[in-house]
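Notes follow the structure.
So you know, we letter chains A, B, ... as the sequences are listed, proteins then strands, and number each from 1.
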There are 2 protein chains.
Amino acid sequence: MRGGGGGILSNTEDTKQPSRRQQDPEGTRRNIIEVASSEFALNGLAGARIDEIAEKTRASKRMIYYYFGDKEGLYVSALENAYRVVREGEAELDIESLPPLEGLRRLVGFTFDHHSEHEDFIRMVMIENIHSGRYMERSPALRAVNEAAIARIGSIYAKGVAEGVFRDGLDPLEIHWQISALCFFNVSNRATFSHLFGRDMSSAENQVKLRQNAIDMVFRYLAKPEYI
Amino acid sequence: MRGGGGGILSNTEDTKQPSRRQQDPEGTRRNIIEVASSEFALNGLAGARIDEIAEKTRASKRMIYYYFGDKEGLYVSALENAYRVVREGEAELDIESLPPLEGLRRLVGFTFDHHSEHEDFIRMVMIENIHSGRYMERSPALRAVNEAAIARIGSIYAKGVAEGVFRDGLDPLEIHWQISALCFFNVSNRATFSHLFGRDMSSAENQVKLRQNAIDMVFRYLAKPEYI
DNA sequence: TGATTAATGTACGAACTAGTTAGTTTAGTC
DNA sequence: GACTAAACTAACTAGTTCGTACATTAATCA
């Protein structure tokens, strides 16, 4: 919009370098996804504007339709990308070598921090839930990924039960659900909660408290009374 | 849109009844709010369509602007209404006369059920969080209301500490936060969670389990180990 | 080198959408 | 029964927004 210089001045210097890639499909794609993700996370599917996304991109609106077909296609790609990025971060977590009690604390603390650091991801999940998960159905890749999280909990829980520190009969999926609830809510409902009760829950002090509370809560739920 | 009969046929029978109100400001307002609430809850602020809302209303589009000024004004009114309806339901809960342990269980169970029965409210809160609570700032009425929930917990918690069944040093606001997290997430993230893990968390059996888990979890967090 | 395909820019249009204008009907009042 | 303010309607407008047609440049291959 601002005249960007590319059209008129590009003959002077840029084309002199022969090895410099002037067409970069992968880069363009990635750039579009990045911009789109943050716009969708900020404004939702209906609220995000294709023209706005295009303008913030190094590419043009034409490229969005070239690569992603339509707005919904772009949204689905952004959603997939959000899950992929977050999963890659989680994959680095190694708690299976730790003693169960310590591993559990580490897992909850990590999840709390991880969610907190990926607000855009949380927002994308919120938005997708507003749409009742309609769009993620198009993406078969998503499901398989998250089962790793359950496996991780299943393994640590089984070890804890075997060692006699965790009480028996709980369901790893439900434990994951509880950890998710505490860590997700912390990001998703910050704004309304803080406003309704006049206390900034995202402040450093409050986050330290809420984090410790989440760890304690899951710990007390799992551990046998004599270990509390 | 469908010719509704009012214009042409109204002389035949309708006007014969003298006491039948043909102008009904309160009713019109209420009707608009009701329709708008469900449209906003379903589609979000940007996704909802004024024309769509108008059409589902007994009134016309002009009336929306007549009573609410603009789309955002209508949204804020719908948000206020959602909080008011839910608060009125909660006010009926009387747990302060119960023994602390029983009162706590009752409170968590009630909150779980109440959230579950008011999905539109949960969706409105999600949407408002997507907007970072921007619009609820316009509504000073909202804050005062919710403090009652904290007071309720504060009272039952203090009683439990005095009786020696709850451990000391916890913060009622944080307890409320935890209860909210577990009960809110149950509704807000149903779609994505169920899809990612291939298990319908909203089924009757799973809801019974999750409800009991939430109660247990809060109970174990509050109670002294010897009462667990 | 000339032909073919992939990638990109520009300009535009059709449909939609929030909000308005201009006017009518109803309920209550003097 | 005339008058006024509130309640209400239908049709319209100005601006937005998704998506596309057409042209062009870069890479690839025969």
For A:Arg106, does the CZ atom sit with more than 12 other heavy atoms under 6.0 Å from it, leaving out its own atoms? no
Under 4.0 Å from OP1 or OP2 of C:dT8: is there any side-chain N or O of A:Tyr67 that close? yes
According to side chain to side chain contact (heavy atoms under 4.5 Å, CB included), who are the partners of B:Asn213, at least two apart in sequence or on a separate chain? A:Glu174, A:Gln178, A:Tyr221, B:Leu210
Could you state the atom-to-atom distance from OH of A:Tyr66 to C1' of D:dA23 in whole Å? 15 Å
Could you pull out all residues at least two apart from A:Asn31 that satisfy side chain to side chain contact (heavy atoms under 4.5 Å, CB included)? A:Val35, A:Thr57, A:Arg58
Which pairs, protein N/O on one side and nucleotides 9-11 of chain D N/O on the other, fall under 3.5 Å?
from  : atom 1 : to      : atom 2 : distance (Å)
D:dT9 : OP2    : B:Ser60 : N      : 3.3
D:dT9 : OP2    : B:Ser60 : OG     : 3.2

Would B:Phe185 and A:Trp177 count as a close aromatic pair, with their ring centres under 6.0 Å? yes
Sorted by number, the residues of residues 42-49 of chain B with heavy-atom contact under 4.0 Å to DNA chain C: B:Ala48, B:Arg49
Can you give each donor-acceptor pair under 3.5 Å made by side-chain atoms of residues 90-97 of chain A, sequence neighbours left out, with the distance rounded to 0.1 Å?
from    : atom 1 : to      : atom 2 : distance (Å)
A:Asp94 : OD2    : A:Ser97 : OG     : 3.4

For B:Asp70, give me all partners under salt bridge (Lys or Arg N to Asp or Glu O under 4.0 Å), at least two apart in sequence or on another chain. none
Distance, rounded to the nearest Å, where B:Asp51 contributes CG and D:dC12 contributes C1': 12 Å
Sorted by chain and residue number, the salt bridge (Lys or Arg N to Asp or Glu O under 4.0 Å) partners of A:Arg190 (sequence neighbours excluded) come out as none
Is there a residue in residues 68-78 of chain A whose heavy atoms reach under 4.0 Å of DNA chain D, and which residues are they? A:Asp70, A:Lys71
Just jot down the side chain to side chain contact (heavy atoms under 4.5 Å, CB included) partners of B:Ser77, sequence neighbours excluded, or say none. B:Ile33, B:Phe68
Check salt bridge (Lys or Arg N to Asp or Glu O under 4.0 Å) between A:Arg84 and all other residues, then give those that pass, not counting sequence neighbours. A:Glu88
Grab the CD-P distance between B:Glu52 and C:dA18 for me, whole Å please. 10 Å
Could you pull out all residues at least two apart from B:Asp120 that satisfy side chain to side chain contact (heavy atoms under 4.5 Å, CB included)? B:Ser38, B:Ala41, B:Arg123
Between C1' of C:dT8 and CG of A:Asn31, the distance in whole Å: 14 Å
Which residues share a side-chain hydrogen bond (donor to acceptor under 3.5 Å, both in side chains) with B:Asn206, sequence neighbours left out: B:Ser203
Round to the nearest Å and state the distance from B:Arg29 atom CZ to D:dC8 atom C1'. 15 Å
Round to a whole Å and report the spacing from OH of A:Tyr65 to C1' of D:dA21. 14 Å
Tell me whether the side-chain N/O atoms of B:Thr28 come closer than 4.0 Å to OP1 or OP2 in D:dA7. no
Expressed as a whole number of angstroms, how long is the span from B:Ile50:CD1 to C:dT17:P? 11 Å
